Amino acid sequence: MAVRATEWQKLPVTLTELCINTTLRCGQSFRWRKSADDEWSCALHGRILSFRQDALYLHYRAIYPPSTLHTPPHDDDTPTLVKHYFNLEPDLCKLYSQWAASDANFKKRAPKFAGVRILRQDPWEALIGFICSSNNNISRISQMVHNLCLHYGPLIGHIGNEAYHDFPTPEALAGPGVEQHLQKLGFGYRAKYIYKTAVMVADSRGLAWLDELCNPESPVFGQEPKPGGPLIEGGREGYRKAHQELLALHGVGPKVADCVCLMGLGWSESVPVDTHVWQIAQRDYKFGKGKHSSLTPATYTAVANHFRKLWGKEAGWAHSVLFTADLKAFSERLVAKTEIKTEEVSVKAEPDGSGVVESTTKTATATKKRVKRDVGDDEHQVVEVKEKIVKRSKRRKA
DNA sequence: GACAGCCCTGGCGA
DNA sequence: ATCGCCAGGGCTG
(Lines give C-alpha, C1' and ligand atoms only; values in the text may rest on other atoms or scores of the structure.)
Protein backbone atom coordinates (compact mmCIF):
# COMPACT_ATOMS: atom_id res chain seq x y z
CA MET A 1 0.00 0.00 0.00
CA ALA A 2 1.25 3.46 -0.90
CA VAL A 3 2.11 6.14 1.61
CA ARG A 4 -0.99 7.98 2.67
CA ALA A 5 -0.39 11.69 2.71
CA THR A 6 -3.19 14.09 3.46
CA GLU A 7 -3.53 17.19 1.34
CA TRP A 8 -1.75 20.35 2.38
CA GLN A 9 -3.93 22.41 4.68
CA LYS A 10 -3.47 25.90 5.94
CA LEU A 11 -4.09 27.86 9.08
CA PRO A 12 -4.13 31.67 9.20
CA VAL A 13 -1.08 32.57 11.32
CA THR A 14 1.12 35.65 10.91
CA LEU A 15 4.90 35.49 11.29
CA THR A 16 4.69 37.65 14.40
CA GLU A 17 2.34 35.12 15.99
CA LEU A 18 4.56 32.19 15.06
CA CYS A 19 7.81 31.96 13.17
CA ILE A 20 8.61 28.28 12.66
CA ASN A 21 12.05 29.00 11.26
CA THR A 22 13.02 30.48 14.61
CA THR A 23 10.83 28.48 16.98
CA LEU A 24 11.81 25.07 15.63
CA ARG A 25 15.54 25.86 15.80
CA CYS A 26 15.92 27.67 19.10
CA GLY A 27 16.60 24.64 21.26
CA GLN A 28 13.09 23.79 22.43
CA SER A 29 12.65 20.67 20.38
CA PHE A 30 15.59 18.77 18.98
CA ARG A 31 13.85 16.66 16.36
CA TRP A 32 12.79 18.95 13.54
CA ARG A 33 14.57 18.42 10.26
CA LYS A 34 14.51 20.29 7.00
CA SER A 35 12.76 18.04 4.49
CA ALA A 36 12.91 20.56 1.61
CA ASP A 37 13.53 24.26 1.09
CA ASP A 38 11.55 26.05 3.77
CA GLU A 39 9.90 22.82 4.87
CA TRP A 40 10.28 21.34 8.35
CA SER A 41 9.25 17.82 9.27
CA CYS A 42 9.06 15.62 12.34
CA ALA A 43 7.29 12.43 13.38
CA LEU A 44 4.63 13.18 15.98
CA HIS A 45 1.70 11.11 17.25
CA GLY A 46 2.11 8.37 14.72
CA ARG A 47 2.40 10.54 11.60
CA ILE A 48 4.98 12.70 9.88
CA LEU A 49 4.04 16.35 10.14
CA SER A 50 5.47 18.78 7.59
CA PHE A 51 5.25 22.56 7.76
CA ARG A 52 5.79 25.50 5.49
CA GLN A 53 5.03 29.09 6.27
CA ASP A 54 4.35 32.29 4.36
CA ALA A 55 3.36 35.74 5.57
CA LEU A 56 -0.26 34.82 6.17
CA TYR A 57 -0.52 31.08 6.60
CA LEU A 58 1.00 28.09 8.26
CA HIS A 59 0.78 25.24 5.73
CA TYR A 60 0.90 21.67 6.95
CA ARG A 61 0.27 18.11 6.00
CA ALA A 62 0.45 14.70 7.62
CA ILE A 63 1.87 11.50 6.19
CA TYR A 64 0.51 8.34 7.78
CA PRO A 65 2.10 4.92 7.78
CA PRO A 66 0.15 2.30 5.81
CA SER A 67 -0.75 0.44 9.01
CA THR A 68 -2.74 3.28 10.56
CA LEU A 69 -6.17 2.11 11.64
CA HIS A 70 -8.17 5.24 11.08
CA THR A 71 -8.57 6.68 7.63
CA PRO A 72 -7.49 10.26 7.31
CA PRO A 73 -8.60 12.79 6.44
CA HIS A 74 -12.07 11.77 7.67
CA ASP A 75 -11.20 11.32 11.31
CA ASP A 76 -7.93 13.25 11.03
CA ASP A 77 -7.05 15.02 14.27
CA THR A 78 -4.05 16.76 12.69
CA PRO A 79 -5.57 20.28 12.78
CA THR A 80 -6.16 19.94 16.52
CA LEU A 81 -2.69 18.49 17.02
CA VAL A 82 -1.09 21.37 15.11
CA LYS A 83 -2.87 24.00 17.20
CA HIS A 84 -1.95 22.12 20.34
CA TYR A 85 1.69 21.56 19.44
CA PHE A 86 2.30 25.16 18.42
CA ASN A 87 0.37 26.40 21.44
CA LEU A 88 -1.53 28.83 19.24
CA GLU A 89 -4.03 29.99 21.87
CA PRO A 90 -2.08 32.85 23.52
CA ASP A 91 -1.97 36.15 21.61
CA LEU A 92 1.80 36.47 21.14
CA CYS A 93 1.76 40.02 19.70
CA LYS A 94 -0.15 41.23 22.69
CA LEU A 95 2.28 39.48 25.02
CA TYR A 96 5.31 40.98 23.23
CA SER A 97 3.90 44.48 23.66
CA GLN A 98 3.16 43.81 27.33
CA TRP A 99 6.72 42.61 27.95
CA ALA A 100 8.13 45.54 25.98
CA ALA A 101 6.08 47.96 28.05
CA SER A 102 7.40 46.59 31.33
CA ASP A 103 10.98 45.91 30.26
CA ALA A 104 13.18 48.26 28.20
CA ASN A 105 15.71 45.50 27.52
CA PHE A 106 13.05 43.26 26.05
CA LYS A 107 11.82 46.15 23.94
CA LYS A 108 15.32 46.64 22.58
CA ARG A 109 16.13 43.01 21.78
CA ALA A 110 12.83 41.45 20.78
CA PRO A 111 12.03 43.15 17.43
CA LYS A 112 14.37 40.94 15.38
CA PHE A 113 13.03 37.83 17.10
CA ALA A 114 9.29 37.99 16.59
CA GLY A 115 7.17 34.87 16.58
CA VAL A 116 9.12 32.87 19.16
CA ARG A 117 6.43 30.74 20.69
CA ILE A 118 6.75 28.11 23.40
CA LEU A 119 5.89 24.72 21.93
CA ARG A 120 3.58 22.34 23.69
CA GLN A 121 5.67 19.22 23.47
CA ASP A 122 5.00 15.77 24.77
CA PRO A 123 6.13 15.75 28.43
CA TRP A 124 8.03 12.49 28.15
CA GLU A 125 9.91 13.60 25.06
CA ALA A 126 10.72 16.94 26.67
CA LEU A 127 12.00 15.18 29.78
CA ILE A 128 14.43 12.95 27.92
CA GLY A 129 15.45 15.69 25.49
CA PHE A 130 16.41 18.04 28.28
CA ILE A 131 18.21 15.34 30.23
CA CYS A 132 20.38 15.09 27.12
CA SER A 133 20.89 18.86 27.15
CA SER A 134 22.98 19.06 30.29
CA ASN A 135 26.44 20.41 29.64
CA ASN A 136 25.83 20.04 25.96
CA ASN A 137 25.22 22.00 22.77
CA ILE A 138 22.18 22.03 20.52
CA SER A 139 23.74 20.19 17.58
CA ARG A 140 24.96 17.33 19.72
CA ILE A 141 21.67 17.17 21.65
CA SER A 142 19.84 16.91 18.31
CA GLN A 143 22.16 14.12 17.22
CA MET A 144 21.60 12.22 20.46
CA VAL A 145 17.81 12.57 20.32
CA HIS A 146 17.90 11.46 16.71
CA ASN A 147 19.82 8.36 17.78
CA LEU A 148 17.24 7.60 20.47
CA CYS A 149 14.46 7.71 17.86
CA LEU A 150 16.43 5.76 15.29
CA HIS A 151 17.27 2.87 17.63
CA TYR A 152 14.28 2.79 19.97
CA GLY A 153 11.43 4.69 18.32
CA PRO A 154 8.84 3.28 15.89
CA LEU A 155 9.43 3.96 12.20
CA ILE A 156 6.62 6.15 10.91
CA GLY A 157 7.67 6.68 7.31
CA HIS A 158 10.01 8.36 4.88
CA ILE A 159 10.37 11.64 3.06
CA GLY A 160 12.68 10.94 0.15
CA ASN A 161 15.40 8.73 1.59
CA GLU A 162 15.05 10.12 5.10
CA ALA A 163 13.42 7.89 7.68
CA TYR A 164 11.23 9.44 10.35
CA HIS A 165 10.88 7.71 13.69
CA ASP A 166 8.59 8.75 16.51
CA PHE A 167 10.01 9.30 19.97
CA PRO A 168 10.58 6.07 21.93
CA THR A 169 8.31 5.06 24.80
CA PRO A 170 9.58 4.81 28.40
CA GLU A 171 9.38 1.03 28.08
CA ALA A 172 11.62 1.04 25.03
CA LEU A 173 14.28 3.06 26.85
CA ALA A 174 13.98 0.94 29.99
CA GLY A 175 14.91 -2.26 28.19
CA PRO A 176 17.94 -4.39 29.07
CA GLY A 177 21.25 -3.14 27.74
CA VAL A 178 19.96 0.33 26.84
CA GLU A 179 22.41 2.11 29.13
CA GLN A 180 25.41 0.28 27.66
CA HIS A 181 24.18 0.87 24.14
CA LEU A 182 23.66 4.58 24.71
CA GLN A 183 27.08 4.75 26.27
CA LYS A 184 28.49 3.24 23.10
CA LEU A 185 26.53 5.75 21.02
CA GLY A 186 28.36 8.57 22.76
CA PHE A 187 25.78 9.71 25.30
CA GLY A 188 28.41 9.87 28.05
CA TYR A 189 27.11 10.12 31.59
CA ARG A 190 23.64 10.87 30.26
CA ALA A 191 23.25 7.20 29.23
CA LYS A 192 22.70 6.24 32.84
CA TYR A 193 20.34 9.15 33.50
CA ILE A 194 18.13 8.29 30.55
CA TYR A 195 17.99 4.60 31.39
CA LYS A 196 17.26 5.17 35.08
CA THR A 197 14.63 7.80 34.37
CA ALA A 198 13.00 5.51 31.81
CA VAL A 199 12.92 2.67 34.35
CA MET A 200 11.33 4.93 36.95
CA VAL A 201 8.66 6.17 34.58
CA ALA A 202 8.01 2.79 32.95
CA ASP A 203 8.10 0.59 36.04
CA SER A 204 6.96 2.68 38.97
CA ARG A 205 5.55 6.13 38.23
CA GLY A 206 3.90 5.60 34.88
CA LEU A 207 3.34 8.08 32.08
CA ALA A 208 0.07 9.15 33.71
CA TRP A 209 2.08 10.52 36.63
CA LEU A 210 4.01 12.76 34.24
CA ASP A 211 0.91 13.82 32.35
CA GLU A 212 -0.82 14.74 35.60
CA LEU A 213 1.92 17.23 36.38
CA CYS A 214 0.67 19.28 33.44
CA ASN A 215 -0.87 22.68 33.87
CA PRO A 216 -4.58 21.79 33.89
CA GLU A 217 -5.24 24.87 31.74
CA SER A 218 -3.19 23.25 29.00
CA PRO A 219 -3.16 19.47 29.49
CA VAL A 220 -1.57 16.86 27.22
CA PHE A 221 -2.98 16.40 23.74
CA GLY A 222 -6.51 15.05 23.93
CA GLN A 223 -7.51 16.15 27.45
CA GLU A 224 -9.95 18.87 28.52
CA PRO A 225 -8.57 22.09 30.07
CA LYS A 226 -9.33 23.14 33.68
CA PRO A 227 -8.30 26.23 35.74
CA GLY A 228 -4.63 26.45 36.71
CA GLY A 229 -4.71 28.53 39.90
CA PRO A 230 -3.43 31.99 40.87
CA LEU A 231 0.10 33.22 40.16
CA ILE A 232 2.33 33.90 43.15
CA GLU A 233 5.99 34.91 43.31
CA GLY A 234 7.50 31.46 43.02
CA GLY A 235 4.95 30.39 40.41
CA ARG A 236 1.61 28.63 40.76
CA GLU A 237 1.25 25.75 43.16
CA GLY A 238 0.92 23.20 40.38
CA TYR A 239 4.12 24.46 38.79
CA ARG A 240 6.05 24.21 42.05
CA LYS A 241 4.75 20.70 42.65
CA ALA A 242 5.67 19.58 39.14
CA HIS A 243 9.15 21.09 39.45
CA GLN A 244 9.75 19.43 42.79
CA GLU A 245 8.57 16.01 41.65
CA LEU A 246 10.71 16.10 38.53
CA LEU A 247 13.80 16.69 40.67
CA ALA A 248 13.52 13.13 41.97
CA LEU A 249 14.40 11.73 38.54
CA HIS A 250 17.99 10.93 37.64
CA GLY A 251 19.70 13.61 35.60
CA VAL A 252 17.02 16.18 36.41
CA GLY A 253 18.12 19.27 38.30
CA PRO A 254 16.45 22.68 38.62
CA LYS A 255 17.19 23.81 35.08
CA VAL A 256 16.08 20.62 33.33
CA ALA A 257 12.98 20.46 35.52
CA ASP A 258 12.11 24.01 34.47
CA CYS A 259 12.56 23.19 30.79
CA VAL A 260 10.16 20.26 31.15
CA CYS A 261 7.69 22.40 33.10
CA LEU A 262 7.75 25.14 30.48
CA MET A 263 7.92 23.22 27.22
CA GLY A 264 6.35 19.90 28.16
CA LEU A 265 3.93 20.58 30.99
CA GLY A 266 2.55 23.96 29.94
CA TRP A 267 3.68 25.96 32.99
CA SER A 268 4.28 29.32 31.33
CA GLU A 269 5.82 30.97 34.42
CA SER A 270 8.69 28.51 34.49
CA VAL A 271 11.98 30.26 33.76
CA PRO A 272 14.91 27.89 33.14
CA VAL A 273 18.14 29.60 34.16
CA ASP A 274 21.08 28.11 32.29
CA THR A 275 24.52 29.64 31.82
CA HIS A 276 23.11 31.59 28.90
CA VAL A 277 20.24 33.13 30.81
CA TRP A 278 22.61 33.70 33.70
CA GLN A 279 24.85 35.72 31.39
CA ILE A 280 21.84 37.73 30.22
CA ALA A 281 20.83 38.32 33.84
CA GLN A 282 24.31 39.64 34.62
CA ARG A 283 24.65 41.72 31.47
CA ASP A 284 21.20 43.27 31.34
CA TYR A 285 19.56 42.84 34.76
CA LYS A 286 22.31 43.72 37.25
CA PHE A 287 22.82 40.25 38.63
CA GLY A 288 26.31 38.90 39.35
CA LYS A 289 27.17 41.08 42.31
CA GLY A 290 27.23 40.70 46.09
CA LYS A 291 24.83 38.03 47.29
CA HIS A 292 24.19 36.79 43.77
CA SER A 293 27.71 36.77 42.38
CA SER A 294 27.52 33.18 41.14
CA LEU A 295 24.73 30.91 39.98
CA THR A 296 24.00 29.08 43.22
CA PRO A 297 20.59 27.46 43.84
CA ALA A 298 19.55 30.59 45.75
CA THR A 299 20.62 32.81 42.87
CA TYR A 300 18.79 30.54 40.46
CA THR A 301 15.51 31.14 42.30
CA ALA A 302 16.19 34.86 42.63
CA VAL A 303 16.77 35.25 38.89
CA ALA A 304 13.67 33.24 38.00
CA ASN A 305 11.54 35.19 40.48
CA HIS A 306 12.88 38.47 39.14
CA PHE A 307 11.80 37.56 35.63
CA ARG A 308 8.41 36.33 36.82
CA LYS A 309 7.85 39.67 38.54
CA LEU A 310 9.02 41.59 35.49
CA TRP A 311 7.20 39.62 32.79
CA GLY A 312 4.27 38.04 34.62
CA LYS A 313 2.47 34.78 34.06
CA GLU A 314 4.09 34.00 30.69
CA ALA A 315 7.60 34.83 31.94
CA GLY A 316 8.99 31.65 30.43
CA TRP A 317 7.78 32.75 27.01
CA ALA A 318 9.53 36.11 27.30
CA HIS A 319 12.65 34.40 28.60
CA SER A 320 12.71 32.25 25.49
CA VAL A 321 12.68 35.30 23.22
CA LEU A 322 15.76 36.76 24.92
CA PHE A 323 17.42 33.36 25.02
CA THR A 324 16.89 32.97 21.27
CA ALA A 325 18.18 36.49 20.63
CA ASP A 326 21.42 35.43 22.29
CA LEU A 327 21.88 32.13 20.44
CA LYS A 328 24.94 32.05 18.24
CA ALA A 329 22.98 30.27 15.53
CA PHE A 330 20.92 33.44 15.08
CA SER A 331 23.71 35.96 15.56
CA GLU A 332 23.71 36.91 11.87
CA ARG A 333 20.52 38.87 12.48
CA LEU A 334 22.43 41.19 14.75
CA VAL A 335 25.14 41.97 12.19
CA ALA A 336 22.99 41.92 9.05
CA LYS A 337 23.60 45.60 8.20
CA THR A 338 27.36 45.33 8.58
CA GLU A 339 27.32 42.28 6.35
CA ILE A 340 25.65 44.05 3.41
CA LYS A 341 28.02 46.99 3.71
CA THR A 342 31.02 44.67 3.67
CA GLU A 343 29.87 42.95 0.50
CA GLU A 344 29.33 46.23 -1.32
CA VAL A 345 32.77 47.53 -0.44
CA SER A 346 34.51 44.33 -1.45
CA VAL A 347 32.76 44.17 -4.84
CA LYS A 348 33.85 47.69 -5.63
CA ALA A 349 37.36 47.04 -4.48
CA GLU A 350 37.82 43.88 -6.52
CA PRO A 351 38.56 45.08 -10.11
CA ASP A 352 41.50 47.37 -9.45
CA GLY A 353 43.19 44.97 -7.05
CA SER A 354 44.30 47.70 -4.73
CA GLY A 355 44.43 47.33 -0.99
CA VAL A 356 41.28 46.85 1.07
CA VAL A 357 40.29 49.62 3.42
CA GLU A 358 41.46 48.87 6.92
CA SER A 359 38.00 49.17 8.47
CA THR A 360 36.48 46.82 5.91
CA THR A 361 39.00 44.11 6.72
CA LYS A 362 38.21 44.40 10.41
CA THR A 363 34.48 44.22 9.84
CA ALA A 364 34.77 41.13 7.68
CA THR A 365 36.88 39.32 10.24
CA ALA A 366 34.53 40.15 13.07
CA THR A 367 31.52 38.99 11.09
CA LYS A 368 33.19 35.75 10.18
CA LYS A 369 34.02 34.95 13.77
CA ARG A 370 30.47 35.44 14.93
CA VAL A 371 28.88 33.22 12.33
CA LYS A 372 31.48 30.56 11.84
CA ARG A 373 30.23 28.13 14.47
CA ASP A 374 26.85 27.74 12.79
CA VAL A 375 25.98 24.17 11.98
CA GLY A 376 24.74 23.11 8.58
CA ASP A 377 21.70 25.04 7.44
CA ASP A 378 20.64 27.93 5.28
CA GLU A 379 23.36 30.25 6.48
CA HIS A 380 26.12 28.57 4.52
CA GLN A 381 26.07 30.98 1.63
CA VAL A 382 26.52 33.94 3.88
CA VAL A 383 29.46 32.32 5.57
CA GLU A 384 31.16 31.53 2.29
CA VAL A 385 30.89 35.09 1.07
CA LYS A 386 32.46 36.34 4.24
CA GLU A 387 35.30 33.87 4.19
CA LYS A 388 36.17 34.88 0.65
CA ILE A 389 36.35 38.49 1.72
CA VAL A 390 38.64 37.62 4.56
CA LYS A 391 40.92 35.51 2.39
CA ARG A 392 41.23 38.23 -0.22
CA SER A 393 42.21 40.84 2.26
CA LYS A 394 44.73 38.49 3.79
CA ARG A 395 46.35 37.71 0.48
CA ARG A 396 46.81 41.34 -0.28
CA LYS A 397 48.49 41.88 2.98
CA ALA A 398 50.91 39.04 2.42
C1' DG B 1 26.25 25.78 50.39
C1' DA B 2 30.57 24.71 47.80
C1' DC B 3 33.08 21.77 44.93
C1' DA B 4 35.10 18.34 42.08
C1' DG B 5 34.09 14.99 38.64
C1' DC B 6 31.75 13.51 34.80
C1' DC B 7 31.30 11.94 28.84
C1' DC B 8 32.12 13.96 24.64
C1' DT B 9 32.80 17.48 20.86
C1' DG B 10 34.40 21.49 18.50
C1' DG B 11 36.66 25.89 18.45
C1' DC B 12 40.41 28.62 19.68
C1' DG B 13 44.97 30.25 20.99
C1' DA B 14 49.72 29.01 21.65
C1' DA C 1 50.21 21.12 12.22
C1' DT C 2 49.18 19.59 16.70
C1' DC C 3 48.15 20.04 21.45
C1' DG C 4 46.03 21.68 25.56
C1' DC C 5 42.34 24.15 27.25
C1' DC C 6 37.69 25.19 27.77
C1' DA C 7 32.90 25.95 27.05
C1' DG C 8 28.77 23.84 25.52
C1' DG C 9 21.26 25.34 27.63
C1' DG C 10 24.11 20.77 34.53
C1' DC C 11 23.67 17.09 37.72
C1' DT C 12 25.34 14.03 41.42
C1' DG C 13 27.52 12.80 45.65
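All of these numbers come straight from a predicted model, not from anything done at the bench.
The base of C:dG9 sits with one of its N or O atoms less than 3.5 Å from a complementary donor or acceptor on the side chain of A:K255. For a distance-only test at 3.5 Å, the side chain of A:Y189 qualifies as a donor-acceptor partner of the base of C:dG10.
Atom CD1 of A:I194 and atom P of C:dC11 are 14 Å apart (whole Å). Nucleotide C:dC11 holds its C1' atom 12 Å from the NZ atom of A:K192, rounded to whole Å. Atom-to-atom, CG of A:L295 to C1' of C:dG10 comes out at 10 Å; the value is rounded to the nearest Å. Atom P of nucleotide B:dC6 and atom CG of A:L182 are separated by 20 Å, given to the nearest angstrom. Following rounding to the nearest Å, A:N147 (CG) and B:dC7 (P) show an atom-to-atom distance of 18 Å. Going from atom CD1 of A:I141 over to atom P of C:dG9 covers 7 Å, rounded to whole Å. Distance A:N136 CG to C:dA7 C1': 11 Å, rounded to the nearest Å. One can place CG of A:L247 at 16 Å from C1' of C:dG13, the figure rounded to the nearest angstrom.
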Show me, pair by pair, the donor-acceptor contacts under 3.5 angstrom made by side chains of residues 191-203 of chain A, not counting sequence neighbours?
{"residue": "A:T197", "atom": "OG1", "partner": "A:Y193", "partner atom": "O", "Å": "3.0"}
{"residue": "A:T197", "atom": "OG1", "partner": "A:H250", "partner atom": "O", "Å": "2.8"}

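Between A:F86 and A:W40, the gap from one ring centroid to the other reaches at least 6.0 Å. The distance between the ring centers of A:F51 and A:H59 does not fall below 6.0 angstrom. Between A:F330 and A:F323, the ring center distance fails the sub-6.0 Å criterion. When ring centroids are compared, A:F221 and A:H45 come within the 6.0 Å threshold. Ring centroids of A:F307 and A:H319 are separated by 6.0 Å or more, keeping the two rings apart.
Between the C1' atoms of C:dC11 and B:dA2, the separation comes to 14 Å (whole Å). Remark: the separation of the P atoms in C:dG9 and B:dC12 is 14 Å, to the nearest Å. As rounded to the nearest Å, C:dC6 and C:dG10 have C1' atoms that lie 16 Å from one another.
Other residues sharing a hydrophobic cluster with A:L155 under the 4.5 Å side-chain heavy-atom criterion for ILVMFWY residues do not exist; the residue is a singleton.
Using a 4.0 Å heavy-atom cutoff across all strands shown, A:L249 reaches sugar-phosphate atoms only and no base atom. Residue A:Q143 is classed as having no contact, given no heavy-atom separation below 4.0 Å to the nucleic acid. Heavy atoms of A:V277 sit nowhere under 4.0 angstrom from any nucleic acid atom. Note on A:C26: a base of the nucleic acid sits closer than 4.0 angstrom, heavy atoms only. Across all strands shown, A:V256 has heavy atoms under 4.0 Å from sugar-phosphate atoms exclusively, and none from any base. Using a 4.0 Å heavy-atom criterion, one finds that A:P297 contacts no nucleic acid atom at all. The residue A:I131 sits apart from the nucleic acid: no heavy atom pair falls under 4.0 Å.
Between A:M263 and A:K196, the residue anchored closer to the 5' end of DNA chain C is A:M263, taking for each the nucleotide with the nearest heavy atom. Nearer to the 5' terminus of DNA chain C, by closest-nucleotide assignment, is the contact made by A:N137 (compared with the other of A:N137 and A:G251).
Here A:T275 does not reach the OP1 or OP2 of C:dA7: none of its side-chain N or O atoms lies under 4.0 Å away.
The A:F130 side chain lies nearest to C:dG9 when the options are C:dG10, C:dG9, C:dC11. In this structure, the nucleotide among C:dG9, C:dG8, C:dG10 sitting nearest to the side chain of A:Q279 is C:dG8.
Of the possible polar contacts, one joining the A:R190 side chain to the A:S134 backbone as a donor-acceptor pair under 3.5 Å is found.
Comment: A:E233 engages A:K309 in a salt bridge, judged by a side-chain N to carboxylate O separation of less than 4.0 angstrom.
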Could you spell out the base pairing of DNA chain B in dot-bracket, with Watson-Crick or G-U pairs whose two distances are under 3.5 Å, [ ] crossing and | to another strand? ..||||.|||||||

